[in-house]
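Please read these numbers as outputs of a predicted model, since none were measured by experiment.
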Amino acid sequence: MSPAARKVADTTLDMPLEDYLAVAEKAGFELVLRTPFARVQMLQVRGRQEILGEVRETLCILGRRDGFLLVLESFTGSSGTPLLNMAELHYRFRQGPHHETAAEFETYKIPFPDPLAENERIYHAVVAGLGGAAPLDDGAMCVSAMQDVRLDLLEIMSRKDAYVALPEDRRARIGDFLAEWPQGFLHTYGFTLARTCEADVARYPDAPRRMAESRRITEERLHLLPSWVRTMIGWNDDSSQCAA
């Protein structure tokens with residue numbers, strides 16, 4: 001397929017939600033939850049925010065059985081057509097011993113040798129987004145990643161699929177995607193399915209209440225997921241689980 005043809009078939013900003021879902025299906029995702037939520041419609045009047053009412057929006061959760069979770073949110077404007085407003089790709093990646101070697105070179109400001117530099121380039125090509133690393137029980141580091149995939153979902157997933165096709169010894173050095181997330185890593189770095197609670201709740205005086213509400217709504221929606229997805233993301237009914 002030519003780059004131009006692939007571009008037409010891939011996801012774009014502000015595309016209709018239903019079109020995005022069709023592309024996600026091509027990328028191997030299964031729709032596992034579709035649920036409505038209310039978005040407050042605001043209007044700026046003389047420097048003040050006034051509430052006009054609520055708009056009914058849609059939250060969609062899709063899973064791929066090799067460890068990828070896709071969370072979508074719609075936005076309905078004046079056209080009346082629900083458009084894609086948010087698309088987050090969540091996954092976990094186990095770092096290989098390459099990263100310990102790379103850290104030594106970075107500490108002493110020594111240029112990477114070519115093979116190590118290539119490993120680092122490939123790593124950053126397949127692991128992206130907000131998140132960080134936390135230790136697993138065996139001491140290896142698990143990266144909890146969240147990637148904005150409103151644009152070019154097929155291209156992004158093709159890079160990850162190409163990585164999995166690399167020789168096993170190469171992947172052993174760099175790391176590998178986890179088909180099942182370690183228990184306790186689901187809520188790492190602010191994972192939420194509560195679209196009515198924004199990520200910047202810390203600026204509100206009642207931030208603790210808002211965060212508790214976000215966790216409650218997230219837990220309710222996790223219960224609605226099929227068992228294979230709950231197993232894949234390492235979630236059980238213990239709402240207090242979190243990564244160290």
K.L.:
Check L136 against P182 and note the closest heavy-atom contact, atom names and distance.
P.N.:
CD2-CG, 3.4 Å
K.L.:
Could you go through L17 and L83, starting from their C-alpha distance and side-chain angles, then the distance that decides it, and tell me whether this counts as side-chain contact (heavy atoms from CB on, under 4.5 Å)?
P.N.:
CA-CA 5 Å; L17 176 65; L83 304 177; over 6 Å; no
K.L.:
Would you sort out whether F68 and M232 count as a side-chain contact (heavy atoms from CB on, under 4.5 Å), showing the intermediate values?
P.N.:
CA-CA 9 Å; F68 293 94; M232 182 188 82; 6.0 Å; no
K.L.:
With a 4.5 Å cut-off on side-chain heavy atoms, are R94 and D138 touching?
P.N.:
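Yes, side chains in contact.
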K.L.:
Return all side-chain donor-acceptor pairs below 3.5 angstrom for residues 140-151, not counting sequence neighbours, or 'none' if the list is empty.
P.N.:
residue, atom, partner, partner atom, Å
S144, OG, R92, NE, 3.4
Q147, OE1, Y91, OH, 3.2
Q147, OE1, K160, NZ, 3.1
D148, OD1, R150, N, 3.1
D148, OD1, R150, NE, 3.1
D148, OD2, R150, NE, 3.2
D148, OD2, R150, NH2, 2.8

K.L.:
To the closest 0.5 Å, what do you measure between CD1 (I122) and CZ (R171)?
P.N.:
12.0 Å
K.L.:
Answer with yes or no whether the hydrophobic clustering places L178 together with V229; edges join I, L, V, M, F, W, Y residues whose side-chain heavy atoms lie under 4.5 Å apart.
P.N.:
no
K.L.:
Report the distance from atom CZ of F37 to atom OG of S74, rounding to the nearest 0.5 Å.
P.N.:
5.5 Å
K.L.:
From L31 CG over to L62 CG, what is the distance, rounded to the nearest 0.5 angstrom?
P.N.:
5.0 Å
K.L.:
Can you find a heavy atom in the side chain of Y123 that is under 4.5 Å from one in the side chain of H99?
P.N.:
yes
K.L.:
Would you say that N119 contacts F112 through its side chain, given a criterion of any heavy-atom pair below 4.5 Å between the two side chains?
P.N.:
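A side-chain contact under 4.5 Å is absent here.
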K.L.:
Hey, what do you get for CD (E57) to OG1 (T35), rounding to the nearest 0.5 Å?
P.N.:
12.5 Å
K.L.:
Any side-chain donor-acceptor pair under 3.5 Å between E219 and H223?
P.N.:
no
K.L.:
Any side-chain heavy-atom pair from H98 and R170 closer than 4.5 angstrom?
P.N.:
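Counting from C-beta outward, H98 and R170 never come under 4.5 Å.
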K.L.:
Around atom CZ of R216, are there more than 12 heavy atoms of other residues, nucleotides or ligands at under 6.0 Å?
P.N.:
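Atom CZ in R216 is packed in, count exceeds 12.
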K.L.:
Could you report the tightest heavy-atom contact between L70 and A24, atom names first, then the distance?
P.N.:
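Heavy-atom minimum between the residues: CD2-CB, 4.0 Å.
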K.L.:
Between C60 and L33, is there a side-chain heavy-atom distance shorter than 4.5 Å?
P.N.:
no
K.L.:
Between R34 and E18, is there a salt bridge with N-O shorter than 4.0 Å?
P.N.:
yes
K.L.:
If we ignore hydrogens and angles and just use 3.5 Å, is the side chain of R230 paired with the main-chain N or O of L225 as donor and acceptor?
P.N.:
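Looks like yes, one N/O pair under 3.5 Å.
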K.L.:
State, with a plain yes or no, whether a side-chain heavy atom of L89 is found less than 4.5 Å away from one of L69.
P.N.:
no
K.L.:
Atom CG of residue position D114 - does it have more than 12 heavy atoms of other residues, nucleotides or ligands inside 6.0 Å?
P.N.:
no
K.L.:
Would you give the length of the straight line joining atom CZ of F105 to atom CD of E120, rounded to the nearest 0.5 angstrom?
P.N.:
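The distance works out to 11.5 Å.
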K.L.:
Apply side-chain contact (heavy atoms from CB on, under 4.5 Å) to residues E30 and R65 and explain how you reach the verdict.
P.N.:
CA-CA 9 Å; E30 301 175 44; R65 295 177 185 260; 2.8 Å; yes
K.L.:
At their closest point, which heavy atom of L116 faces which heavy atom of A102, and how far apart are they?
P.N.:
CD2-CA, 4.1 Å
K.L.:
Does any non-hydrogen side-chain atom of D66 lie less than 4.5 Å from one of F177?
P.N.:
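No, their side chains stay 4.5 Å or more apart.
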K.L.:
Could you go step by step and tell me if E213 and R209 meet the salt bridge (charged side-chain N to carboxylate O under 4.0 Å, His left out) rule?
P.N.:
CA-CA 6 Å; E213 179 70 359; R209 181 194 64 79; 5.7 Å; no
K.L.:
Might you point out which heavy atoms bring A194 and T218 nearest each other, and give the distance in Å?
P.N.:
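Nearest pair, atom of A194 first, then T218: N-OG1, 3.6 Å.
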K.L.:
Does T11 reach the main-chain N or O of L153 with its side chain, forming a donor-acceptor pair under 3.5 Å?
P.N.:
yes
K.L.:
Side chain to side chain donor-acceptor pair (under 3.5 Å) between E180 and T231: does it pass, once the steps are laid out?
P.N.:
CA-CA 7 Å; E180 290 192 3; T231 298; over 6 Å; no
K.L.:
For the CG atom of L222 and the CD1 atom of I233, what is their distance to the nearest 0.5 Å?
P.N.:
5.5 Å
K.L.:
Under a plain distance cut-off of 3.5 Å, with no hydrogens placed, do E73 and T58 share a side-chain donor-acceptor pair?
P.N.:
no
K.L.:
Mind telling me whether Y163 and F93 have parallel, tilted or perpendicular rings, with 30° and 60° as the class edges?
P.N.:
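F93 and Y163: tilted rings.
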K.L.:
Same cluster or not: are L224 and V32 linked, directly or through other Ile, Leu, Val, Met, Phe, Trp or Tyr residues, by side-chain heavy atoms under 4.5 angstrom apart?
P.N.:
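Same cluster: L224 reaches V32 through Ile, Leu, Val, Met, Phe, Trp or Tyr contacts under 4.5 Å.
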K.L.:
How close do R221 and L193 get, counting heavy atoms only, and between which atoms?
P.N.:
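Nearest heavy atoms, R221 then L193: NH1-O, 2.7 Å.
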K.L.:
Donor-acceptor pair, W181 side chain versus L186 backbone, under 3.5 Å?
P.N.:
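Pair absent, no side-chain N/O of W181 close to backbone of L186.
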K.L.:
More than 12 non-hydrogen atoms from neighbouring residues, nucleotides or ligands closer than 6.0 Å to CD on E118, yes or no?
P.N.:
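Check passes, neighbour count above 12.
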K.L.:
For H90 and E88, does a side-chain donor sit closer than 3.5 Å to a side-chain acceptor?
P.N.:
yes
K.L.:
For a 4.5 angstrom cut-off between non-hydrogen side-chain atoms, does L84 reach L72?
P.N.:
yes
K.L.:
Looking at P208 and P205, what are the two nearest heavy atoms and their distance?
P.N.:
CD-O, 4.3 Å
K.L.:
For A27, is there any backbone N or O sitting under 3.5 Å from a side-chain donor or acceptor partner on R64?
P.N.:
yes
